[in-house]
Participant: 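Following this message is one structure expressed as structure tokens.
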Amino acid sequence: MSKMHLDPQRTIERVNATLGRRYRKEQRFRRFGLGAVALGLLFVALMFLNIIGTGYSAFQQTRVLLDINYSEEMIDPEGTRDPAILSSANYAGVIKQALRDRFPGVTSRGDKRELYTLVSSGAALILRQQVMENPGLIGTRASVWVPADDDIDMLVKGHIDRAVPESERRVKDQMVAWVESLEVEGRVAKVFNTTFLTSGDSREPELAGIGGAVMGSLYTLIVTLLLSFPIGVATAVYLEEFAPRNRWTDLVEVNINNLAAVPSIVFGLLGLAVFINFFGLPRSAPLVGGMVLTLMTLPTIIIASRAALKAVPPSIREAALGVGASRMQTVFHHVLPLAMPGMLTGTIIGMAQALGESAPLLMIGMVAFIVDIPGGALDPSTVLPVQIFLWADSPERGFVEKTSAAIMVLLGFLILMNVLAVILRKRFERRW
Amino acid sequence: MLNVTPNSVGSVAPPAGVVGVGFSPTADDSRVISGTVGDIKAADPRMTARNVDVYYGDKQAIKDVSLDIGKNEVIAMIGPSGCGKSTFLRCLNRMNDTIDGCRVEGRIMLDDQDIYDRKMDVVPLRAQVGMVFQKPNPFPKSIYDNVAYGPRIHGLTDNKQELDEIVEQSLIKAGLWDEVKDRLDSSGTGLSGGQQQRLCIARTIAVAPEVILMDEPCSALDPIATARVEELIDELREQYTIAIVTHSMQQAARVSQRTAYFHLGELVEVGKTDDIFTNPSHRLTEDYITGRFG
């Protein structure tokens, strides 16, 4: 070993010599980090712009004003006003009549068939509902706003270009002319699309809504929350406060951590094999969906809850034990209340994950086409992310904006939940 | 390469029986620990420990300690860091139970019950042997709830009036009543460090224990708060038996009647505080109190 002496002069020289390089390194690193953040923000902005730009128009619906003749001979020829007859009457015929009355020049069969596609098949349902509620309408005339067909909707919203040649667009010149004549009379209007928010899925884009999927997601999340929160918290409390440290608890811990990394579709397969095939629970039901998502969320909640319990200072436990509290009293009177905000935050994050999950639900049949809005956790239903998947897969032009709009609704819920988590954390944060 | 002087202490094995970490005593027979010097017995013992060994896993933290804790006296336990004084204190109300891998052997009696007996329940034990910790650790609840917690969980009172009475009495005994009587509902964590520690003492005496263990109760306090707590300890002596662990020899001299000097897990010397500080029998005790190490 050579002998070496350090003296202050030498130290300062050496330090100064390397100073520039050190600072340059720091600068580079800082710029690199800023660049990464900027790039991330750019992608997020692009994503939001794209989704909102495509999806906002789904919140509007094109309606057409028709002069309806509630003629007695078409709706209730015998004059009985029997609800059964009123319910099954030919309202589509009434709509067709109104269209023929408006465009008397249309005579050929083919042209008439095209004329009838101007308005949605849902228009007849609106008339039926009106008449069922108020049979006094029969025999009168009224102007009624009915939803336009999805192609007309796209045309009015500008998603179908009127300038391109007829052969390259879905809507024929003749139909464009009809629509334009209606527009001139002020018989075409865009209104807020309540159908999209309240109704279930449909093959017709103008009649499809996310109501069913939202309710399905709600029931699924309620089941998930009711199962995963108590189980997760109980597991965390046992492992952290009561369990002895030995090989078994180590094994349990390793397994919980590994479960957090299992691909979610595997949980779906497990749900299919165990809950549906073995226990015989119904397919496509939010109950089973919630149980599968519980399996998926549990590791997140357990890990977050254990971290929250670990963050409670040991001095609080000692204080409680020191005055003679039992272990159970120590945990329930002092440790758990202090850890609760952290646990709730973890739970909300886990719920947000569960809300956005689609893969495991595909396996248990929640991907089915379901028109009815589910009324409980045992009714067949679908969930928001799966609904998005279904619509993204549909060929109709009208579903493009619906897909983006459904993503907006889903993101809205996710942002809401995350904001709630942040607020809870800030509100109940304790300092010692 | 930098030239570093090798640590001679670590490389040279100390002679058998001589404790040689951190300081280098001459190989002198007077520093050998061969049993405890002085009288381990108290005139009127409340707790008696006999041949206590404590292990943390494989490591032995306390070796064969026997000591009495007498009624209405303050016994101070002093010694360098890691000497086992806190470990011994925590044995007295079985707080060591919460530490994984901690094993206690020997016998510790409270009056005439063995506290490490299978049938002994720690909950009533800790109600009888209270503890005040190094760092003030009030619950993040109101001052009232802090003091009322012990009586509540043990069901010591029949109605709110009695509980109010206990809270008031405990705070008066802890010398905190005048400072907090107008804000019993405000948080215990909002008090100053010294007040927090006195709140912890009030919380401990609210369950009327027989013995109070104090683990360096003043190490986180400033001199004024320390003086206040020391005064309090002296007042509490009339009703309670107190064992206090301290790093401050002046504090031991001020508050205690008996002093026990621990060294590397062994009890080196016990005796009347005045004797220990004026005329220590063992060389190690002398080295420590004269400031030669520690």
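In what follows, every chain begins at residue 1, and chains take the letters A, B, ... in the order their sequences are listed. Hydrogens, waters and symmetry mates play no part in the numbers below; they use all other heavy atoms, side chains included.
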Participant: In Å, rounded to the nearest 0.5 Å, how long is the span from OG1 of A:T330 to CD1 of B:I153?
Facilitator: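 Reported to 0.5 Å precision, the distance equals 7.5 Å.
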
Participant: Around A:K25, counting heavy atoms of other residues, nucleotides and ligands shown, do more than 12 lie under 6.0 Å from its NZ?
Facilitator: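 Count not over threshold, so no.
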
Participant: If every non-hydrogen atom of A:I316 is compared with every non-hydrogen atom of B:P138, which pair is closest and at what distance?
Facilitator: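 Scanning both residues completely, I find the closest heavy atoms to be CD1-O, 3.8 Å.
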
Participant: Go through the steps for B:Y149 and A:H334 under the test side chain to side chain contact (heavy atoms under 4.5 Å, CB included), then give the verdict.
Facilitator: CA-CA 11 Å; B:Y149 183 69; A:H334 301 288; 3.0 Å; yes

Participant: Check this for me: A:M328, atom CE, are more than 12 non-hydrogen atoms of other residues, nucleotides or ligands nearer than 6.0 Å?
Facilitator: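 12 or below, so no.
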
Participant: Which answer fits B:R152, side chain, backbone, both or neither, if we ask what part of it has an atom under 4.5 Å from a heavy atom of chain A?
Facilitator: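 The answer is neither part of B:R152.
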
Participant: Please tabulate, for side-chain N and O atoms in residues 198-209 of chain B, each donor-acceptor pair with protein atoms closer than 3.5 Å (sequence neighbours left out).
Facilitator:
| unit_1 | atom_1 | unit_2 | atom_2 | d |
| --- | --- | --- | --- | --- |
| B:R198 | NH1 | B:G175 | O | 2.9 |
| B:R198 | NH1 | B:E179 | OE2 | 2.9 |
| B:R198 | NH2 | B:E179 | OE1 | 3.4 |
| B:R203 | NH1 | B:N137 | O | 3.1 |
| B:R203 | NH1 | B:N146 | OD1 | 3.4 |
| B:R203 | NH2 | B:N137 | O | 3.3 |
| B:R203 | NH2 | B:N137 | OD1 | 3.0 |
| B:T204 | OG1 | B:M131 | O | 3.3 |
| B:T204 | OG1 | B:C200 | O | 2.8 |

Participant: Do other residues, nucleotides or ligands put more than 12 heavy atoms under 6.0 Å from the OH atom of B:Y116?
Facilitator: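 Correct, the count exceeds 12.
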
Participant: Flag the pair B:R126 / A:L321 as yes when at least one side-chain heavy-atom distance between them is below 4.5 Å, and no otherwise.
Facilitator: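 The answer is yes; the side chains approach within 4.5 Å.
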
Participant: Looking at A:A325, A:G322, A:G324, which has the largest count of heavy-atom pairs under 4.5 Å with chain B?
Facilitator: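 Sorted descending by pairs with chain B, the first entry is A:G324.
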
Participant: Would you mind telling me which of A:Q329, A:R317, A:R245 has the largest number of heavy-atom pairs within less than 4.5 Å of chain B?
Facilitator: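 With the most close heavy-atom pairs to chain B, the winner is A:Q329.
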
Participant: For B:K135 and A:E318, run salt bridge (Lys or Arg N to Asp or Glu O under 4.0 Å): C-alpha distance rounded to whole Å, both residues' side-chain angles, the deciding distance at 0.1 Å, then the answer.
Facilitator: CA-CA 11 Å; B:K135 202 177 138 236; A:E318 286 193 328; over 6 Å; no

